[in-house]
Amino acid sequence: MQEYDIIIVGAGAAGVFASYELTKIENKARILMLEKGAPLEQRVCPMKSRQTGRCLGCPTCHIMNGYGGAGTLSDGKYNITNDFGGDLYAYVGDDKAMELMEYVDEVLCGFGGSEAKLYSTEDQALKTLALQNDLHLLDAKVRHLGTDRNVRILGDIYEFISGKIETLFRTDVESVERTEGGFKLRTSRGDEFSCRQLVLATGRSGSKWISKTCGELGIATLSNRVDIGLRVELPAAVFKHITDAVYESKLVYRAKKYGDKVRTFCMNPYGEVVTENTNGIVTVNGHSYADPALYTENTNFALLVSNRFTEPFKDSNEYGESIARLSNMLGGGVLVQRFGDLIKGRRSNEHRMEGCFTRPTLKATPGDLALVMPKRQLDDIIEMVYALDKIAPGTANDDTLLYGVEVKFYNSTVEVNGDLETKVPGLYVLGDGSGVTHSLSQASASGVHVARILDAKYRSL
Ligand SMILES: Cc1cc2nc3c(=O)[nH]c(=O)nc-3n(C[C@H](O)[C@H](O)[C@H](O)COP(=O)(O)OP(=O)(O)OC[C@H]3O[C@@H](n4cnc5c(N)ncnc54)[C@H](O)[C@@H]3O)c2cc1C
């Protein structure tokens, strides 16, 4: 069995920034990072290389797994805010959370991120316009790296840590056991590693695994939230006045009928709609590039409705998965429908899509989202489309495309303290895998936070 001082499981945003910070502050511990996905340069989704519109359901999804985690092939939007993207502030304090996110931004800038503009919602005119139309614009600064620049920066961070931190790819940690001096890890290949301090940063794709592992170690978890919605795609000109000013606008609306909050999420000006495979369930997402040569003519964003469940229902993710499975069953993956067809109560078919002025950037199956989405969430989303139409006329056009379903699975929230340490001493759970964060900035910030705590421990030995 190979022995280490610290093992980091998961090389997503949280794991990458934990390893970066430990390297930068020249921590002397023997550190190993284990990642179930591929190294950066080998992360190619077969949908891209084979030009197929269908997710092939690879056992380890290149979009979700591998160096950089789910964020690598993402849009690379780093939102610096406590208003959304997670609850890190509730654990470390408001100021500390902001300071950590600003630091992450500084690091990214040091690796070339400063070429990307930092947008801010300080524009009062947009806030006022939103308020006048019953919409609320959340405060944030956002640096949009773009998928291409994001990948370059991650490659440079990997160069920086390699040689100082050992990283093993295609290594899936199957079990964690407590030992007298720390922890013993066993991988799916049967390899064993031991360590004194263990950092679990397994993200959304590791959600089931983390719940199981916490259960085995007697650590409490709570799963009560899932966000269900659709991805909207429309000509970029419709949202240009908003995306030029703030890039990503988080607009919140309270639907009149049910009182549910609906919000815009993950806005991608001139971007592409993509699929995402989480544990075999195909859902929709979006991203965009920094390089104008790769721009499309469309903007896409999600409209999400949060669902929180109370006793006796405990498995909110299963609720989200069941709805996504319906869309997978009817469409073999993601469904697409024209807004006009949805309102007229008819499915979109190949013929109607051919006549559609908005050209889809994802090859999805034309269908009827009303057969998939529960009425409540669908009504909420339709109301929101009309609300957005008031500040961005054209949103409610017949040819606005809706892709479904988009599901934001929230990891069970793991019981951790302000150091993100569980009640098992030496075991830290961070990033999206802990349920504490749901974004690149906050996941990365949680990695820096834990790295500094581990460093202080080693310095005091
Ligand atoms: C398409 C897409 C676009 C997105 N766009 C944005 C965006 O623009 N801005 C934003 O803020 N957020 C975005 N997100 C969300 C963002 O990617 C996540 O919030 C962030 O990656 C979380 O970081 P993490 O390190 O906690 O987890 P992850 O990035 O999910 O990394 C976890 C890593 O752990 C590995 N792992 C899991 N289980 C095991 C195991 N048992 N053994 C070994 N390794 C394991 C996984 O392979 C993965 O690489 C996007 C997500 C997707 C999928």
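We count residues from 1, following the sequence as given. Start at 1 and go down the list; that is how both ligands and their atoms are numbered. Just so it is clear, the model here is predicted, and its values are computed rather than measured.
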Is Asn307 reaching over with its side chain to a backbone N or O of Val226, donor-acceptor style, under 3.5 angstrom?
-> yes

Name the closest protein heavy atom to atom 52 (C) of ligand 1, giving the residue it belongs to and the distance to 0.1 Å.
-> Asn285 ND2, 3.6 Å

So, His136 versus Tyr253, ring centres under 6.0 angstrom or not?
-> no

Short check: is a protein heavy atom less than 4.0 Å from atom 19 (O) of ligand 1?
-> yes

Which pair of heavy atoms, one from Val416 and one from Val429, lies closest together, and at what distance?
-> CG1-O, 4.0 Å

Side chain to side chain contact (heavy atoms under 4.5 Å, CB included) with Glu233: which of Leu362, Val284, Thr400, Asn298?
-> Asn298

Just distances here: any N/O of Asp172 and N/O of ligand 1 closer than 3.5 Å?
-> yes

Of all the atoms in ligand 1, which lie at a distance below 4.0 Å from a heavy atom belonging to Met64?
-> 48 (C), 49 (O), 53 (C)

Would one find an N or O of Asp432, backbone or side chain, under 3.5 Å from an N or O of ligand 1?
-> yes

Nitrogen or oxygen atoms of Ser205 and ligand 1 under 3.5 Å apart | no

What residue and atom, counting heavy atoms only, is the protein's closest point to atom 47 (O) of ligand 1, and at what distance?
-> Glu35 OE2, 2.6 Å

for atom 44 (N) of ligand 1, nearest protein heavy atom and its distance come out as Lys36 N, 3.1 Å

Whether over 12 other heavy atoms sit under 6.0 Å from Lys457 NZ | yes

Hey, does Glu406 have a side-chain heavy atom less than 4.5 Å from the side chain of Leu304?
-> yes

Heavy-atom nearest neighbour in the protein, as seen from atom 31 (O) of ligand 1, with distance rounded to 0.1 Å = Gly12 CA, 3.2 Å

Heavy-atom count around Glu122 CD within 6.0 Å, excluding the residue itself: above 12?
-> no

Ring-face cation contact, Tyr78 with Arg143, 6.0 Å cut, 45° max = no

Kindly confirm or rule out an N or O of Gly66 lying under 3.5 angstrom from an N or O of ligand 1.
-> yes

Near Asp75, which atoms of ligand 1 are under 4.0 Å from a heavy atom of that residue?
-> 8 (O)

Does an N or O from Glu276, backbone or side chain, lie closer than 3.5 Å to an N or O of ligand 1?
-> no

Polar-atom distance check: Ala14 versus ligand 1, any N or O pair below 3.5 Å?
-> yes

How far is atom 27 (O) of ligand 1 from its nearest protein heavy atom, and which residue and atom is that?
-> Gly203 CA, 3.1 Å

Atom indices of ligand 1 within 4.0 angstrom of Gly10 heavy atoms, with elements = 33 (C), 34 (O), 35 (C)

Atoms in ligand 1 flagged as close to Ala201, the criterion being non-hydrogen separation under 4.0 Å | 32 (C), 33 (C), 34 (O)

Does an N or O from Ala443, backbone or side chain, lie closer than 3.5 Å to an N or O of ligand 1?
-> no

Is the closest N or O pair between Val173 and ligand 1 shorter than 3.5 Å?
-> yes

More than 12 heavy atoms of other residues, nucleotides or ligands under 6.0 Å from CZ of Arg325: is that the case?
-> yes

Would you mind finding which of Arg204, Met33, Lys77 brings a heavy atom closest to atom 51 (C) of ligand 1?
-> Arg204

Using atom types as modelled, flag every donor-acceptor pair under 3.5 Å from a side chain in residues 158-165 to any protein atom, sequence neighbours excluded.
{"from": "Ser162", "atom 1": "OG", "to": "Tyr158", "atom 2": "O", "distance (Å)": "3.1"}
{"from": "Ser162", "atom 1": "OG", "to": "Glu159", "atom 2": "O", "distance (Å)": "3.2"}
{"from": "Lys164", "atom 1": "NZ", "to": "Phe160", "atom 2": "O", "distance (Å)": "2.9"}

Any idea which protein heavy atom is nearest atom 37 (C) of ligand 1, and the distance to it?
-> Thr202 O, 3.2 Å

Which residue and non-hydrogen atom of the protein lie closest to atom 5 (N) of ligand 1, and at what distance in Å?
-> Ser74 CB, 3.3 Å

What atoms of ligand 1 come closer than 4.0 angstrom to any heavy atom of Ser439?
-> 11 (O), 19 (O)

Output, in order, the C-alpha distance, side-chain angles, deciding distance and verdict of side-chain hydrogen bond (donor to acceptor under 3.5 Å, both in side chains) for Tyr410 and Asp227.
-> CA-CA 8 Å; Tyr410 286 85; Asp227 294 352; 2.6 Å; yes

Kindly indicate whether the side chain of Thr422, heavy atoms from C-beta on, has any atom under 4.5 Å from the side chain of Leu217.
-> no

Evaluate whether atom CD of Glu415 has more than 12 neighbouring non-hydrogen atoms of other residues, nucleotides or ligands under 6.0 angstrom away.
-> no

Say whether Ala70, considering both its backbone and side-chain N or O atoms, lies within less than 3.5 Å of an N or O atom on ligand 1.
-> yes

Measure from NZ or CZ of Arg452 to the centre of the six-membered ring of Tyr103 and say whether it is under 6.0 Å with the direction within 45° of the ring axis.
-> yes

Look at the aromatic rings of Tyr4 and Phe193 and report parallel, tilted or perpendicular, splitting at 30° and 60°.
-> tilted

Polar-atom distance check: Leu440 versus ligand 1, any N or O pair below 3.5 Å?
-> yes

Establish, yes or no, whether the cationic atom of Arg231 lies under 6.0 Å from the six-membered ring centre of Tyr403 and within 45° of the ring axis.
-> no

Near His438 (heavy-atom distance under 4.0 Å), the atoms of ligand 1 are 19 (O)

Interfacing atoms of ligand 1 (cut-off 4.0 Å, heavy-atom, Gly431) = 26 (O)

Would you mind listing which atoms of ligand 1 come within a distance below 4.0 Å of any non-hydrogen atom of Gly76?
-> 8 (O)

Give the contacting part of Thr171 toward ligand 1: side chain, backbone, both or neither, where contact means a heavy-atom distance below 4.0 Å.
-> backbone

What's the shortest distance from atom 46 (C) of ligand 1 to any protein heavy atom, and which residue and atom give it?
-> Asn65 ND2, 3.3 Å

May I ask you to say whether Asp139 pairs ionically with Lys127, meaning some side-chain N is under 4.0 Å from a carboxylate O?
-> yes

